[in-house]
Q: 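Right, I'll just put the structure down here and ask away after.
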Protein chains: 2
Amino acid sequence: MPRVGMEPIRRAALVKATIAEVGLKGSLDVTVARIAKRAGVSSGLAHHYFGGKEDLLFAAMRHILTLYGASVRAQLLRAGTPRDRLAAIIRASFGPDNFEPHVIAAWLSFYVHAQSDPGARRLLGIYQARLGSNLTHALRPLASSRAPDIARTLASVIDGLYIRHALGGAPDGPQATARVLALADVLVDAA
Amino acid sequence: MPRVGMEPIRRAALVKATIAEVGLKGSLDVTVARIAKRAGVSSGLAHHYFGGKEDLLFAAMRHILTLYGASVRAQLLRAGTPRDRLAAIIRASFGPDNFEPHVIAAWLSFYVHAQSDPGARRLLGIYQARLGSNLTHALRPLASSRAPDIARTLASVIDGLYIRHALGGAPDGPQATARVLALADVLVDAA
DNA sequence: AACTTGATTGACTCATCAATCAACATAACA
DNA sequence: TGTTATGTTGATTGATGAGTCAATCAAGTT
């Protein structure tokens, strides 16, 4: 049933299947054949649309980052006060999407992968910079010159909570959000 | 030059070589042959002393945990006041040993591995429980009933800072220690 | 109808690696 | 001096998986 114009559909399906397989395995040790099968295509097609396994993994990583970025922007739209903006960023970081088991698994794997793959490291650098910048801007009216420092600490807690929840069976986004937000309040209030 | 009583020597060498290779690769995707070569023995010997690759990785993981535990105990011995004890635990977590690139890489990989390997997950559970318990005990005199909650937050920051430093080029243990300790002070002071 | 282009497959190649095994070397002991 | 324990090697096997390729099929295009 070959039709013309399948490329974007196949690419999306393969990226989605990649994330699913990575989540299932809990690591990047997945086979192109399995990914292709899940996407409902042959292994050859995966190589046709993506250069190879590496590019496929990279595309999956970028996709997750894109989703995260969109989620942050969506949350920020509904935020009025600086405190709201802070809450929005944190809530996005622990949103249900980011907290689904297979997405958590993908994030963890990508962290490790970033150690050896410069491209992956670059992507994570972008994520970290954006998170830091978002937090700093939201904190600026609340903590002026201390904003960058507080932002760094908050960013670390967010990353750390990811691991905890990833390994701890039952991830609880709202609880994680509340914890970070409470911490933010304390840090802002501390003279 | 085979002598009797080589077993402990070989085991130690293989575990050390495993950690080195994992650190070099930045992932658990290492070959038994390379590990064996680095340890100065044949690949067959690695299988002789350890059941297989899995057991070798597990032993390496346990070794790192053992080193960390010893480091915590050593730091705690020199601690007098509760504040000192707190500082000691944090300092151990960010001690030079734990912060060597190959150890960080091993930790990260083991985190990911714990998602699929129950044995690894168990080990990490022990680490997390011990860290939490140590922190809680140190915090008890400083924050009484709020101690467990503060401990959880601190543990998350510690984990999060690990990732940041692992991906951020130049790991700075003392700086990380200072950041966490400052955070602890703020949290304890907050009524 | 003939031709072109994109989509798609599955078999094939080639490399990698974990694990096994037979063989041999050395030491301890009888 | 055998005999047994331990230590050690490296060749081999068998499985797995990435990437390639020739061939096929369906839609447009002229």
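Computed from heavy atoms alone, side chains included, the values below leave out hydrogens, waters and symmetry copies.
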Q: Taking the basic N atoms (NZ, or NE/NH1/NH2) and the acidic carboxylate oxygens, is any pair closer than 4.0 Å for Asp84(A) and Arg78(A)?
A: no

Q: Look through every strand shown and name the nucleotide pairing with dC21(C) as Watson-Crick or G-U wobble, where both distances are under 3.5 Å.
A: dG10(D)

Q: Does dA5(D) pair with anything, Watson-Crick or G-U wobble, both distances under 3.5 Å, and if so, with which nucleotide?
A: none

Q: For the pair Arg179(A) and Asp149(B), find out whether any cationic side-chain nitrogen is under 4.0 Å from an anionic carboxylate oxygen.
A: yes

Q: So, does Tyr49(A) get its side chain near the phosphate of dT8(C), meaning an N or O under 4.0 Å from OP1 or OP2?
A: yes

Q: Could you check how far NE2 of His48(A) sits from C1' of dT24(D), rounded to whole Å?
A: 14 Å

Q: Less than 4.0 Å between a side-chain N and a carboxylate O, is that true for Arg122(B) and Asp117(B)?
A: no

Q: Take the protein atom CG of Leu45(A) and the nucleotide atom P of dA7(C), then report the distance between them rounded to whole Å.
A: 9 Å

Q: Return the orientation label for the Tyr127(B) and Tyr111(B) ring planes: parallel under 30°, perpendicular over 60°, tilted otherwise.
A: perpendicular

Q: To the nearest angstrom, how far is Glu7(A) atom CD from dT5(C) atom P?
A: 16 Å

Q: Please determine, by modelled atom types, if Tyr68(A) and Ser93(A) share a side-chain donor-acceptor pair under 3.5 angstrom.
A: yes

Q: Please tabulate the protein-to-nucleotide N/O contacts below 3.5 Å involving nucleotides 16-20 of chain D, giving atom names and distances.
A:
{"from": "dA18(D)", "atom 1": "OP1", "to": "Val30(A)", "atom 2": "O", "distance (Å)": "3.2"}
{"from": "dA18(D)", "atom 1": "OP1", "to": "Val32(A)", "atom 2": "N", "distance (Å)": "3.4"}
{"from": "dA18(D)", "atom 1": "OP1", "to": "Lys53(A)", "atom 2": "NZ", "distance (Å)": "3.1"}
{"from": "dA18(D)", "atom 1": "OP2", "to": "Val32(A)", "atom 2": "N", "distance (Å)": "3.0"}
{"from": "dG19(D)", "atom 1": "OP2", "to": "His47(A)", "atom 2": "NE2", "distance (Å)": "3.2"}
{"from": "dG19(D)", "atom 1": "OP2", "to": "Lys53(A)", "atom 2": "N", "distance (Å)": "3.0"}

Q: Taking syn as within 90° of 0 and anti otherwise, name the glycosidic form of dA19(C).
A: anti

Q: Taking the side chain from Arg10(B) and the backbone from Ala46(B), do they hold a donor-acceptor pair closer than 3.5 Å?
A: no

Q: From NZ of Lys37(B) over to P of dC17(C), roughly how many Å is that when rounded to an integer?
A: 13 Å

Q: Quick test of your reading of the model: are Lys25(A) and Glu21(A) salt-bridged, counting only N-O distances below 4.0 Å?
A: no

Q: Give the rounded distance in Å between these two atoms: CZ of Arg11(B) and C1' of dT8(D).
A: 16 Å

Q: In whole angstrom, give the distance that lies between atom CG of Leu14(A) and atom P of dA7(C).
A: 13 Å

Q: Determine: side-chain N/O of Arg10(A) to OP1/OP2 of dT8(C), distance under 4.0 Å, yes or no.
A: yes

